[in-house]
Amino acid sequence: MKEELATRYEPSQFEKRIYAFWEEGGYFTPVVDKERPKFSIVIPPPNVTGRLHIGHALVNTLQDIIVRWKRMSGFNTLWLPGTDHAGIATQMVVEKQLEKEGISRFDLGREKFVERVWQWKEQHATEIKDQLTRLGASADWSRERFTLDEGLSRAVRYVFVKLYDDGLIYRDLAMVNWCPRCRTAISDVEVEFKETNGKLYHINYPIEGTDRFLTVATTRPETMLGDTGVAVHPEDERYADLIGKNAILPIMNRPIPIVGDAILVDREFGTGVVKVTPAHDKNDYEAGLRNNLPQVQVIGEEGRMTDAAGADFSGIDRKEARERVVEMLREQGLLVKIDQHQHNVAVHGKCDTPIEPMISRQWFVKIEPLARPAIDAVRNGEITITPQSWEATYFNWMENIHDWTISRQLWWGHRIPAFHCTNGHTTVSMDDLTTCPQCGAEVTQETDVLDTWFSSGLWPFSTLGWQGEGSEDAPDYQVFYPTDTLITGFDILFFWVARMIMMGLRFTGKAPFSQVFLNGLVRDEQGRKMSKTIGNVIDPLDVVNEVGADALRFTLAVSASGRDIPLGKSQIQGYSAFVNKIWNASRFAMMHIDVDLKHAGPIERDNLKTVERWILSRLNAVTREVNKQLSLFRFDEASKAIYQFFWHEFCDWYIEMAKPVLLGKHGTDDDRKLAKRVLLEVLDRSLRLLHPFMPFVTEEIWLKLGGVEPSIMIAPYPITEEVLEDSEAERLANAVRAIITTVRNLRAERGYTPKDRFTLFIRGSNPRESNFFREYAYLLTELARLNEVSVEGEPPAGAHLDVVEGFSIAIVFPEKVVSAEQLEKVRRDIEKTRTELEAMQAKLGNEQFVRNAPPQIVQATQARVAELQKKLETLQQNQ
RNA sequence: GCGGAGUUAGCUCAGCGGUAGAGCAUCUCGCUUACACCGAGGGGGCCAGGGGUUCGAAUCCCUUACUCCGCACCA
């Protein structure tokens, strides 16, 4: 080898250079060719709100592993990157920025404000790209998309218009979730419930014309100002006579009817009397419709009380209003009691502000017709979800889905393509209108924008050039749609995954992807959620700077099983040691390899010795395992398999076994040549196996091996080759390893030093085995530190006897007093062997076991018994 | 309330019907010319409790307890 590796593994020395090398090579960009087998995947577009966190590092590492694996496996592979405009979230961060400057978005006005958000977007989209680059993401940046791009916006507009024309989008006055802080309606999925220790207020409502009261209980006394009725259960004897009478609403002194409503009222709960506020509670809203109760809006869009709440309250905040209402009730003697009450408060997931249910005119998607095919697609296996347990959650949600509120009273987003005229006509149109098609009056465009997830729902096809009817021949769409795999967090299963499935099926007639893998949440070592308040947040870029991208990626892969992922410094450190190991093993190999891959020629299998056959056979098995586990999204199993092989088989054993030959201490020149060739082979294949997990270090090393391909990332991914399988070589090599381990154990147990040398007697059960041990006597001598290995001789009396992997061995130790501790150890060994033997014999003595268990199990048990018997007898001779 | 997941070595988890595993941590011994981010070796578990199915259960079924996550939500 001409080139050598640096003495120390320092990722910062080459990671950026390697990434630039890939970009220059154009390896991230697939060809647009319908004939070639393709693999495509779209990134879950990160929000342009800020920097990427460790969760992004995870989801993008997992995608890159799959993408690199598929690309090396011969697929024409596209990983399409991009970002999401993230309506509310981005608007919020920019508003906060403005706040620091002492202005609000209203001071700027819509147009100027949106300009500011675009500036923000440009800056952060660049930053996000840089971060993904540092992680090694092999995404095709030439196809980078943003949800507000012109093409994607056209697709959004087309979908909106089409759904409207099909009667699946409507505009209506309805009870919606209103966020007073963001001053917009939000959809059901954006509402989160927070368990809160609140209060339950019991209030007396006087009954008109009597001196009786009805006691109602409420958690939100301020809403009573908008009460327009009191409900009891129609069959409740306690109150039956009151139905039809009026109660007097305290403070407001307004008569409100007492109605019977079996749906709203649960007789058993509380006093069995419910105040009805149709304008500020979903259940009350419906009860109000049933009983013809008027809707009085007492809380406005900003969470302040309206004029309808009366002069005492108009304009004050809803929180303050609550205190004042309670105070007034107390003064009037109508407050019965206040109980502690634990209940769930609905808050806006983005800003934690308590939701105000409110009647408002909004745009909705009639969802049921879209949901049905989406349910079927998962049910009939067109789409699989991994881990499968999420399918139940998916069905549960889809089957109980409610219409989707898609309008947002925001400025940042896709403006709804509806045009209102002064005569009250509304027209939805692909083209911008200036006059009303119905009456010719002037029109203005709807000011609301669409829910961010409306555009994200089209992501798998809008990013590939689909823009509605007539755009289906877009080349990327033709070649890469439908995509194959979607990898994302389970937290956006409803927000995003479900919507993509619905939209994809509706508009392209195809499921947008066939496999969904939902990854877990990254947590800290103690399983806690990472949060700024706890201070346990790990910034992926810090880790990359510290230990390199490869160590971080490998740690994430090893930890990712679909469940929550505990991540801490110790884990990352452990796997950065592994990268270091790869580096140093490669360094060692390259000191001996003297011909590059291009000129190495095929391996002459007939000349291979047992140890070489063994390592190649093991490598082949690992290759099978990795390919299989990756196809199942078992990143943990796949990465652990290579880790185990590379470190504990290749480095710990094979390299050590090859050293005597490589260093010229043993064997012929041809032996050495062959050993070098095998060393190169195993290193090459291992690097290729590892590449999807550790792209940088594998490339840095592999380039120096002089392969045919210009980059490891387009070299073929190893596949299983039957000729490499060799169970006999594995059996014999395992025996050698076990014998060496046994000698090492005994050395330690008996208190000998590494310098003490022993004589080993070993016997094969046939001439072939004897020859094998004769051939590898030098290895036993070297690695077990012996002075002699005797294959023929009879061990002298007093030698330590044992049976290892079925082979009888005897070891002659130099004179040394055997301590009580050592005798104890022998005794325990015997005890352990005897216990197992007895258990096995009992099994065989059980007629039902022999009769019912599969024959191979019975045989294996018999074989084990024979082995244990032999071992027990041998061990007993040591006493 | 409905649904899902979990409870295995000190920690984090894998194994999901046939002799209890890994990583980290811990202890002992070693600076053997790739690597001390190393090597060799050791200790440590009635697989949450109970019941059942089976020749055989950490693994399947039932049940209890606790934890977590969705969804729904009673004022």
Side-chain angles (χ1 to χ4, degrees), chain A residues 5 7-9 188-189 193 200-201 216-220 223 231 264-266 268-277 281-284 341 343-344 346 387 389-397 400 490-491 493-494 520-521 523 525-527 547 551 555 558-559 561 563-568 570-571 573-592 634 636-637 640 643-644 648 651-652 655-656 659 663 740-741 744-749 751 753-754 782-783 785 825 836 839-840 843 846-854 856-858 860-861 864 868:
Chain A
L5 288 176
T7 322
R8 283 174 53 86
Y9 164 61
D188 289 347
V189 276
F193 290 91
L200 189 61
Y201 302 84
V216 303
T218 180
T219 52
R220 299 199 56 197
T223 63
L264 182 68
V265 182
D266 172 1
E268 309 303 318
F269 188 90
T271 56
V273 185
V274 186
K275 65 192 260 320
V276 186
T277 322
D281 181 277
K282 220 171 94 187
N283 292 313
D284 291 7
H341 183 63
H343 64 130
N344 285 326
S389 54
W390 283 108
E391 288 186 0
T393 307
Y394 175 83
F395 291 134
N396 183 22
W397 188 76
N400 300 296
F490 64 82
D491 50 326
L493 178 60
F494 304 144
L521 218 68
R523 295 170 174 275
E525 300 110 305
Q526 285 132 49
V547 296
T555 309
V558 167
S559 319
S561 61
R563 297 232 312 248
D564 280 357
I565 296 161
L567 187 74
S570 70
Q571 275 102 329
Q573 228 125 45
Y575 294 105
S576 75
F578 180 46
V579 191
N580 187 59
K581 187 76 182 176
I582 293 166
W583 185 265
N584 281 297
S586 304
R587 224 155 56 79
F588 171 81
M590 286 163 64
M591 285 171 182
H592 297 281
R634 289 304 301 262
D636 54 338
E637 293 293 340
K640 277 178 191 165
Y643 176 94
Q644 167 66 24
H648 300 303
C651 292
D652 289 352
I655 288 184
E656 293 309 318
K659 269 181 183 171
L663 298 170
I740 291 167
T741 304
R744 283 171 178 168
N745 285 345
L746 288 166
R747 181 190 307 276
E749 281 162 20
T753 73
E782 182 81 13
L783 297 177
R785 293 181 171 266
K825 171 80 184 172
E836 197 190 337
M840 293 279 172
K843 247 182 166 181
N846 182 344
E847 252 179 69
Q848 286 174 303
F849 170 73
V850 181
R851 204 169 46 234
N852 295 327
Q856 62 269 33
I857 297 294
V858 178
T861 311
R864 182 71 182 153
L868 288 168

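In what follows, chains carry the letters A, B, and so on, assigned in the order in which the sequence lines appear, proteins first and then strands, with residues in each chain numbered from 1.
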Under 4.0 angstrom between A/Asn584 side-chain N/O and B/A34 OP1 or OP2 = no
task = Answer yes or no: does a side-chain N or O of A/His648 lie under 4.0 Å from OP1 or OP2 of B/A22?
result = no
message = In whole Å, I'd like the distance from the CG atom of A/Leu5 to the C1' atom of B/C35.
response = 13 Å
message = Measuring to OP1 and OP2 of B/G42, would you say a side-chain N or O of A/Asn745 lies under 4.0 angstrom away?
response = yes
key: Distance, C1' atom - from B/U8 to B/G49, rounded to whole angstrom   = 15 Å
inquiry  = Less than 4.0 angstrom between a side-chain N/O of A/Asn283 and OP1 or OP2 of B/C74, yes or no?
reply    = yes
ask   = What distance, rounded to whole Å, do you find between the two C1' atoms, one in B/C61 and one in B/U54?
value = 12 Å
request  = State yes or no: are the ring centers of A/Tyr575 and A/Tyr643 separated by less than 6.0 Å?
outcome  = yes
key: Identity of whatever pairs with B/A5 - Watson-Crick or G-U, under 3.5 angstrom   = B/U67
task = Could you measure between the two C1' atoms, the one in B/U32 and the one in B/A40, and give it in whole Å?
result = 11 Å
key: Side-chain N or O of A/Arg634 closer than 4.0 Å to phosphate OP1/OP2 of B/G15   = yes
Length of the line joining A/Leu663:CG and B/U33:P, which is rounded to integer Å = 11 Å
inquiry  = So for A/Lys581 and B/C35, does any side-chain atom that can act as donor or acceptor lie under 3.5 Å from a complementary atom in the base?
reply    = yes
query = Looking at A/Ser570, does any N or O in its side chain come under 4.0 Å of the phosphate oxygens OP1/OP2 on B/U12?
reply = no
Whole angstrom value for the distance that separates P of B/G70 from CZ of A/Phe395 = 20 Å
Presence of donor-acceptor pair under 3.5 Å, side chain of A/Asn344 and base of B/C73 = yes
task = Compare the minimum distances between each of B/G41, B/C73, B/G3 and the side chain of A/Ala392, then state the nucleotide with the smallest one.
result = B/G3
Selection from B/G18, B/G41, B/U32 that lies nearest to any side-chain heavy atom of A/Ala748 = B/G41
ask   = Want to settle it: does A/Tyr9 or A/Val850 sit nearer the 5' end of RNA chain B, counting the closest nucleotide to each?
value = A/Tyr9
key: A/Asn584 side-chain N/O to A/Asn580 backbone N/O, donor-acceptor pair under 3.5 Å   = yes
ask   = Is there a donor-acceptor pair closer than 3.5 Å between any side-chain N or O of A/Asn852 and the backbone N or O of A/Gln848?
value = yes
query = Hey, is the side chain of A/Lys640 poking within less than 4.0 Å of OP1 or OP2 on B/C13, counting only N and O atoms?
reply = no
Under 4.0 angstrom between A/Lys659 side-chain N/O and B/U33 OP1 or OP2 = no
task = Check if the side chain of A/Glu656 and the base of B/A34 share a donor-acceptor pair of N or O atoms closer than 3.5 Å.
result = yes
query = From B/A5, B/C37, B/G70, pick the nucleotide closest to the side chain of A/Phe494?
reply = B/G70
remark   = Using Watson-Crick geometry (N1-N3 plus N6-O4 or O6-N4) or G-U wobble (N1-O2, O6-N3), each under 3.5 Å, B/C37 is paired with none
query = Atom CZ of A/Arg8 to atom P of B/C38: distance rounded to whole Å?
reply = 13 Å
Ring-face cation contact, A/Tyr9 with A/Lys581, 6.0 Å cut, 45° max = no
ask   = Do A/Gln571 and A/Val558 come within less than 4.5 Å of each other through their side chains, counting heavy atoms only?
value = no
message = Suppose we define a pair by two distances each less than 3.5 Å, Watson-Crick or G-U wobble; what does B/U54 pair with here?
response = none
message = Tell me which nucleotide, if any, is Watson-Crick or G-U wobble paired with B/G23 when both distances must be under 3.5 Å.
response = B/C11
